[in-house]
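Structure, as structure tokens:
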Amino acid sequence: MTKTKRIIITILALIGLALSIELCVVYYNANFAINATPSICAISDQIDCDSVAKTTYSQFFGIPLSLWGVILYLFFLLMTYVDKVQNIKGFGILKVFKNPTSYIFCIGIFSFLISMILGSISVFKIDSICVFCFMTYFVNLLIAIASKNKGISIAGEIKISFTDFISALKDGRNTFWFILLLLLFISCLIYTSVSNILTPQIAKKIEFENYFKLYNSEIDKNIIGPKDANIIINEYMDFNCGGCFFSQLYLHRIVNEFENVKVIQHVIPLEKECNHNMKFEGHKTSCLKAKYALAAAKQNKYWQMADVLFSEAPESEKEIIEEARLLDLDIKKLKEDAHSEQIKKEIQDTIKFADSQDITGTPTFVIGVNKILGINSYGDFKKYIIEQGGKEKINHD
């Protein structure tokens, strides 16, 4: 490796390493530090490293992509100076790396191709860009270009790397260490993938998915329960209503425990911004949450979004979107629908209908001709459903 090439690759690898370490900090703050302040690259809804770090796409096999980046650039630095390190006592095994520039080139090109896939996901799926991430993508490309050997084609570089690998394995000692390291590596990936110790966003997503697998009922927009149910519970609620939070839990249990009960949930935000009945400001963000719940219904994820809005209690549109990303929603469509005139009309129509039925408080339950304001306890509610002809399932979770 020429001196110039060594200097260029070193500088680029150090830049990539610094960016990856910063991304590790961003990832930690976004997923583990509750009171952390926004990072310097959290500029807007479209340019926000924090939001990207909270998605399930920010990891691979349970390991944050930022940590993979740290490993990658450390490897580049090792290969850049492997000819010097292998002469140090105890590091003689590194002599198997005969053509380090070819290895750097191959891995650099591969990393750039993976980066382009991640970039596409960020733009088209997540609908938010991590500036630092994109900077590392181009660092990978520049490292590949800088390490390219003159007169050798891309196929030739790959062939050299593969031939060196096969040649190294012919030595029994190298084979032993390779297998040992491979087993340790695979064990680590299995542990991080299963435990989700480094990826709380994955754990949360799995928790939501498993939660809804408990239901044997059909889910259709804001309706949950069998289509032929003869007991229909119409609930009028608000996402910032404390009693509605508990009623949400009760209703899930009722539907899961009774075979002939269906729930239809109607949102009447108790906020002046969209509810003409409110003389005061009322529940802040209630209108916004209602819009996003109804927008999620268009992707048949109303109940998942409703549970997120209750359990995570997001306080802004940005936080709502961050939680929505864990539900595999089309974020761009979700935003458009949430702010559409159609959703606005749906909310107003629900409020007007509730007014006509003299429903102004939440939660209010309409079961047949009976109207119930609030729930004293789950036991009382269950008893009432039984009195109305509710049939309990023989086996239920």
Side-chain angles (χ1 to χ4, degrees), residues 23-34 36 38-39 41-68 114-115 117-134 137 193 196 198-213 219 221 239 285 288-340 343:
L23 284 169
C24 283
V25 174
V26 170
Y27 182 89
Y28 176 82
N29 288 336
N31 292 287
F32 294 96
I34 299 175
S39 65
C41 63
I43 301 171
S44 64
D45 289 342
Q46 282 67 45
I47 302 176
D48 189 349
C49 297
D50 298 358
S51 294
V52 175
K54 290 181 180 180
T55 68
T56 56
Y57 297 103
S58 63
Q59 58 80 43
F60 184 68
F61 278 105
I63 297 177
L65 293 177
S66 54
L67 190 54
W68 282 112
I114 295 296
S115 299
I117 295 174
L118 293 174
S120 299
I121 291 174
S122 184
V123 173
F124 299 109
K125 181 68 176 178
I126 301 176
D127 195 33
S128 192
I129 294 173
C130 170
V131 176
F132 289 164
C133 298
F134 272 78
Y137 301 163
S193 298
N196 291 309
L198 300 176
T199 52
Q201 68 276 47
I202 296 291
K204 185 185 291 185
K205 179 182 178 181
I206 293 173
E207 182 181 347
F208 280 126
E209 291 175 347
N210 290 339
Y211 184 67
F212 279 90
K213 284 179 183 177
I219 298 177
K221 295 186 178 179
F239 286 110
T285 71
L288 187 65
K289 289 176 181 178
K291 291 177 181 178
Y292 271 95
L294 294 176
K298 292 185 176 296
Q299 299 183 46
N300 208 29
K301 290 286 182 75
Y302 171 86
W303 289 97
Q304 289 88 332
M305 176 61 83
D307 278 1
V308 165
L309 293 173
F310 275 124
S311 62
E312 302 302 320
E315 297 180 355
S316 66
E317 184 168 20
K318 178 182 177 182
E319 291 181 3
I320 292 173
I321 293 171
E322 287 175 354
E323 296 297 336
R325 288 192 173 101
L326 298 179
L327 303 177
D328 289 332
L329 289 160
D330 183 329
I331 300 300
K332 185 176 181 179
K333 184 178 186 304
L334 183 72
K335 290 179 182 178
E336 291 174 353
D337 288 337
H339 295 285
S340 68
I343 293 294

Going by atom types only, do Thr199 and Asn196 share a side-chain donor-acceptor pair under 3.5 Å?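 There is such a pair (donor and acceptor under 3.5 Å, judged by atom type) between the side chains of Thr199 and Asn196.
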Does a donor on one side chain sit under 3.5 Å from an acceptor on the other, for Tyr27 and Gln59?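 Tyr27 vs Gln59: no donor-acceptor pair found between side chains.
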Minimum heavy-atom separation for [X] to [Y], with atom names?
{"X": "Ser128", "Y": "Val52", "answer": "O-CG2, 3.5 Å"}
{"X": "Pro38", "Y": "Asp50", "answer": "CA-OD2, 3.3 Å"}
{"X": "Ile321", "Y": "Tyr292", "answer": "CD1-OH, 3.8 Å"}
{"X": "Leu334", "Y": "Gln299", "answer": "N-NE2, 3.7 Å"}
{"X": "Ala324", "Y": "Met305", "answer": "CB-CE, 3.6 Å"}
{"X": "Ser39", "Y": "Val26", "answer": "CB-CG2, 3.9 Å"}

Under 3.5 Å, is there a donor-acceptor pair between the side chain of [X] and the main chain of [Y]?
{"X": "Thr56", "Y": "Ile202", "answer": "no"}
{"X": "Lys289", "Y": "Pro314", "answer": "yes"}
{"X": "Glu319", "Y": "Glu315", "answer": "yes"}
{"X": "Arg325", "Y": "Ile331", "answer": "no"}
{"X": "Lys301", "Y": "Leu329", "answer": "no"}

Test: Cys133-Cys49 SG spacing under 2.5 Å: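 Cys133 does not pair with Cys49 as a disulfide (SG atoms not under 2.5 Å apart), so no.
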So which of Phe134, Tyr57, Tyr137 actually passes side-chain contact (heavy atoms from CB on, under 4.5 Å) with Ser122?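 So the option named by the test is Phe134.
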Got [X] and [Y] here, is their nearest side-chain heavy-atom distance under 4.5 Å?
{"X": "Lys298", "Y": "Lys333", "answer": "yes"}
{"X": "Asp127", "Y": "Lys335", "answer": "yes"}
{"X": "Leu23", "Y": "Cys130", "answer": "yes"}

As an exercise, state the distance from [atom1] of [X] to [atom2] of [Y], rounded to the nearest 0.5 Å.
{"X": "Ile129", "Y": "Ser44", "atom1": "CD1", "atom2": "OG", "value": "8.5 Å"}
{"X": "Glu322", "Y": "Ile126", "atom1": "CD", "atom2": "CD1", "value": "11.5 Å"}
{"X": "Thr285", "Y": "Ile320", "atom1": "OG1", "atom2": "CD1", "value": "6.0 Å"}

